[in-house]
Chemist: 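Got a structure here, written out as structure tokens. Questions coming.
Computed from a predicted structure; not experimentally measured. Residue numbers count from 1 along this sequence. Both counts, for ligands and for their atoms, begin at 1 and track the order of listing.
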Amino acid sequence: MNYNSTSIILSSSRLLFRQHIPEDINAYCTMEMDTDVRRYVGGQPRSREDAQQRFTSALQPVTDRLGMWATVLKEDSQYIGRCGIYPHFNHDGSTVPEEGTLAFYIARPYWGQGFATEAGQAFIEFGFNELKLKRIVAHVQAGNEASVHILKKLGFELKSTEVAHRTFYHFQLKNPVT
Ligand SMILES: CC(C)(COP(=O)(O)OP(=O)(O)OC[C@H]1O[C@@H](n2cnc3c(N)ncnc32)[C@H](O)[C@@H]1OP(=O)(O)O)[C@@H](O)C(=O)NCCC(=O)NCCS
């Protein structure tokens, strides 16, 4: 794979988190076209064309270290998803200073092996210790029980529930030090 150590932002015991590279396109698109992966994030699987279009955005450099990172297995460099903390956006598109949003997307063949939990823990430590965030939030569509379970396990608390066309749970975790 064509990346070097400078593109790696973070690592955990089994995972590396790095910038996306062109070689990730097939694994990325396969995830975006997977009905199971998309069930609670958008609802519909993407077409190949749409997924490829979005991959172009994923290739853009992440600013301020707030963004979604290619998530790869250390043992064989396999791309298994994308995880990270991106800015906490208000409804008007502005960002909340000193806050971030945790998200994780793992490819279907790798579910149930603790990878999202491991990534979540790594990014919480990164967000609080390196980025000095005061609060990390996470948004989960109702029904996504695995995500709810993981967030609770990571220490998040339910802040509010937004009932609309799709119902969302808004979770938060405050930096214990600030
Ligand atoms: C949600 C997702 C990230 C989980 O990834 P994963 O690597 O399989 O997660 P983990 O293996 O770390 O943990 C899954 C946990 O959920 C639990 N779980 C799975 N299905 C569950 C369900 N229906 N109800 C309750 N808990 C469930 C597992 O038992 C496990 O908990 P445990 O380790 O305490 O036993 C993955 O399924 C995914 O990418 N889904 C599609 C995208 C998505 O929904 N992202 C989250 C957006 S908020």
Side-chain angles (χ1 to χ4, degrees), residues 9-18 20 24-48 50-51 54-55 57-58 62 66-91 96 99-127 133 135-174:
I9 182 92
L10 186 64
S11 71
S12 58
S13 62
R14 295 175 295 168
L15 302 171
L16 285 181
F17 306 97
R18 60 158 172 78
H20 280 82
D24 296 330
I25 189 166
N26 283 333
Y28 177 100
C29 289
T30 299
M31 276 183 67
E32 290 294 300
M33 295 160 64
D34 186 323
T35 306
D36 289 332
V37 170
R38 293 280 300 157
R39 179 161 292 119
Y40 300 113
V41 285
Q44 297 291 324
R46 292 190 199 282
S47 66
R48 176 84 196 187
D50 190 14
R54 294 192 70 89
F55 182 68
S57 307
V62 173
L66 282 173
M68 298 299 286
W69 303 89
T71 299
V72 302
L73 293 180
K74 275 183 178 173
E75 63 175 15
D76 59 3
S77 298
Q78 174 67 43
Y79 179 104
I80 66 158
R82 59 188 197 283
C83 302
I85 297 178
Y86 61 87
H88 179 187
F89 293 107
N90 290 309
H91 282 302
V96 182
E99 295 195 1
T101 306
L102 177 70
F104 29 62
Y105 301 83
I106 302 293
R108 183 72 186 89
Y110 300 94
W111 287 9
Q113 298 175 56
F115 290 127
T117 305
E118 183 174 323
Q121 189 60 53
F123 274 102
I124 289 168
E125 288 166 20
F126 179 73
L133 298 175
R135 190 170 75 120
I136 299 172
V137 300
H139 314 297
V140 183
Q141 188 179 326
N144 194 346
E145 296 302 332
S147 285
V148 168
H149 176 78
I150 294 167
L151 290 171
K152 287 183 175 170
K153 212 165 53 162
L154 292 172
F156 280 74
E157 60 175 359
L158 183 64
K159 176 80 167 43
S160 63
T161 301
E162 183 181 347
V163 180
H165 170 57
R166 293 185 289 156
T167 296
F168 280 91
Y169 302 130
H170 300 297
F171 285 87
Q172 68 172 4
L173 182 64
K174 292 180 181 168

Chemist: Looking at non-hydrogen atoms alone, which of Asn144, Ile80, Asp34, Val41 comes nearest to atom 44 (O) of ligand 1?
Modeler: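 Answer by nearest heavy atom: Asn144.
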
Chemist: Would you say the ring centroid of Phe104 lies under 6.0 angstrom from that of Phe123?
Modeler: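 They do not qualify: ring centres at least 6.0 Å apart.
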
Chemist: Run the numbers for me: atoms of ligand 1, each under 4.0 Å from some heavy atom of Gly112, listed by number.
Modeler: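 By the 4.0 Å cutoff, the relevant atoms are 6 (P), 8 (O), 11 (O).
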
Chemist: Would you kindly specify which portion of Gln113 sits under 4.0 Å from ligand 1, judged on non-hydrogen atoms: side chain, backbone, both or neither?
Modeler: backbone

Chemist: So which protein heavy atom does atom 22 (C) of ligand 1 come closest to, and at what separation?
Modeler: Glu145 CB, 3.7 Å

Chemist: Rounded to the nearest 0.5 Å, how far does OG1 of Thr117 lie from CG of Leu154?
Modeler: 6.0 Å

Chemist: More than 12 non-hydrogen atoms from neighbouring residues, nucleotides or ligands closer than 6.0 Å to CZ on Arg54, yes or no?
Modeler: no

Chemist: Using 0.5 Å steps for rounding, measure from the CZ atom of Phe115 to the CD1 atom of Ile80.
Modeler: 5.0 Å

Chemist: Look at atom 41 (C) of ligand 1 and say which protein heavy atom is nearest, naming residue and atom and giving the distance to 0.1 Å.
Modeler: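 Going atom by atom, the protein heavy atom closest to atom 41 (C) of ligand 1 ends up being Val37 O, 3.2 Å.
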
Chemist: Which heavy atom of Arg48 sits nearest a heavy atom of Asn26, and at what distance?
Modeler: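 Where Arg48 meets Asn26 most closely, the heavy atoms are NH2-OD1, 2.8 Å.
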
Chemist: Which protein non-hydrogen atom lies closest to atom 11 (O) of ligand 1, naming both residue and atom, and how far is it?
Modeler: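 Of the protein heavy atoms, Gly114 N, 2.8 Å lies nearest.
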
Chemist: Nearest 0.5 Å please: distance from the OG atom of Ser12 over to the CD atom of Gln121.
Modeler: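 Answer rounded to 0.5 Å: 10.0 Å.
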
Chemist: Assess whether a salt bridge exists between Asp36 and Arg108, defined as any Lys/Arg side-chain N lying under 4.0 Å from an Asp/Glu carboxylate O.
Modeler: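 Answer for the salt bridge query: yes.
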
Chemist: Please list the nearest protein heavy atom to atom 19 (C) of ligand 1 with its residue and the distance rounded to 0.1 Å.
Modeler: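 The closest one turns out to be Ala146 CB, 3.6 Å.
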
Chemist: Looking at ligand 1, would Ala103 count as a contact under a 4.0 Å heavy-atom criterion?
Modeler: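 The answer is no: ligand 1 sits nowhere under 4.0 Å from a heavy atom of Ala103.
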
Chemist: Please confirm whether Ala116 comes within less than 3.5 Å of ligand 1 when only nitrogen or oxygen atoms on both sides are compared.
Modeler: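 Yes.
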
Chemist: For atom 40 (N) of ligand 1, which protein heavy atom lies nearest, and how many Å away is it?
Modeler: Trp111 CZ2, 3.4 Å

Chemist: Angle class for the His170/Phe168 ring planes (parallel below 30°, perpendicular above 60°, tilted otherwise)?
Modeler: parallel

Chemist: Can you list the ligand 1 atoms lying under 4.0 Å from a non-hydrogen atom of Thr117?
Modeler: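 Atoms satisfying the 4.0 Å criterion: 10 (P), 12 (O), 13 (O).
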
Chemist: Report the member of His139, Met31, Arg38, Gln141 with the shortest heavy-atom distance to atom 48 (S) of ligand 1.
Modeler: His139

Chemist: Taking side chain to side chain donor-acceptor pair (under 3.5 Å) as the criterion, tell me which of Tyr79, Tyr28, Trp69 meets it with His20.
Modeler: Tyr79

Chemist: Please report whether ligand 1 has a polar contact with Ile150, defined as an N or O pair separated by less than 3.5 Å (distance criterion only).
Modeler: no

Chemist: Which atoms of ligand 1 are found less than 4.0 Å from any heavy atom of Lys153?
Modeler: 31 (O), 32 (P), 33 (O), 34 (O)

Chemist: Could you give me the CA-CA distance, side-chain angles and deciding distance for Leu151 and Leu102, then say whether side-chain contact (heavy atoms from CB on, under 4.5 Å) is met?
Modeler: CA-CA 10 Å; Leu151 290 171; Leu102 177 70; 4.1 Å; yes

Chemist: More than 12 non-hydrogen atoms from neighbouring residues, nucleotides or ligands closer than 6.0 Å to NZ on Lys152, yes or no?
Modeler: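 No, not enclosed.
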
Chemist: More than 12 non-hydrogen atoms from neighbouring residues, nucleotides or ligands closer than 6.0 Å to CD on Glu157, yes or no?
Modeler: yes

Chemist: Is the closest N or O pair between Glu118 and ligand 1 shorter than 3.5 Å?
Modeler: no

Chemist: Run down the list Tyr110, Phe115, Tyr40, Phe104 and name the one with the heavy atom closest to atom 3 (C) of ligand 1.
Modeler: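 Nearest option to atom 3 (C) of ligand 1, by heavy atoms: Phe104.
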
Chemist: Is there a side-chain contact (heavy atoms from CB on, under 4.5 Å) between Phe156 and Ile150? Walk through the geometry before answering.
Modeler: CA-CA 9 Å; Phe156 280 74; Ile150 294 167; over 6 Å; no

Chemist: Quick test: of every protein heavy atom, which one is nearest to atom 35 (O) of ligand 1, and how far off is it to 0.1 Å?
Modeler: His149 NE2, 4.4 Å

Chemist: Which atoms of ligand 1 are found less than 4.0 Å from any heavy atom of Ile106?
Modeler: 5 (O), 7 (O), 38 (C), 39 (O)

Chemist: Which ligand 1 atoms are under 4.0 Å away from a heavy-atom of Tyr105?
Modeler: 39 (O), 42 (C)

Chemist: For atom 1 (C) of ligand 1, what's the nearest protein heavy-atom neighbour? Residue, atom name and distance, please.
Modeler: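 Protein heavy atom with the smallest distance to atom 1 (C) of ligand 1: Ser147 OG, 3.4 Å.
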
Chemist: May I ask whether atom 5 (O) of ligand 1 is less than 4.0 Å from at least one protein heavy atom?
Modeler: yes

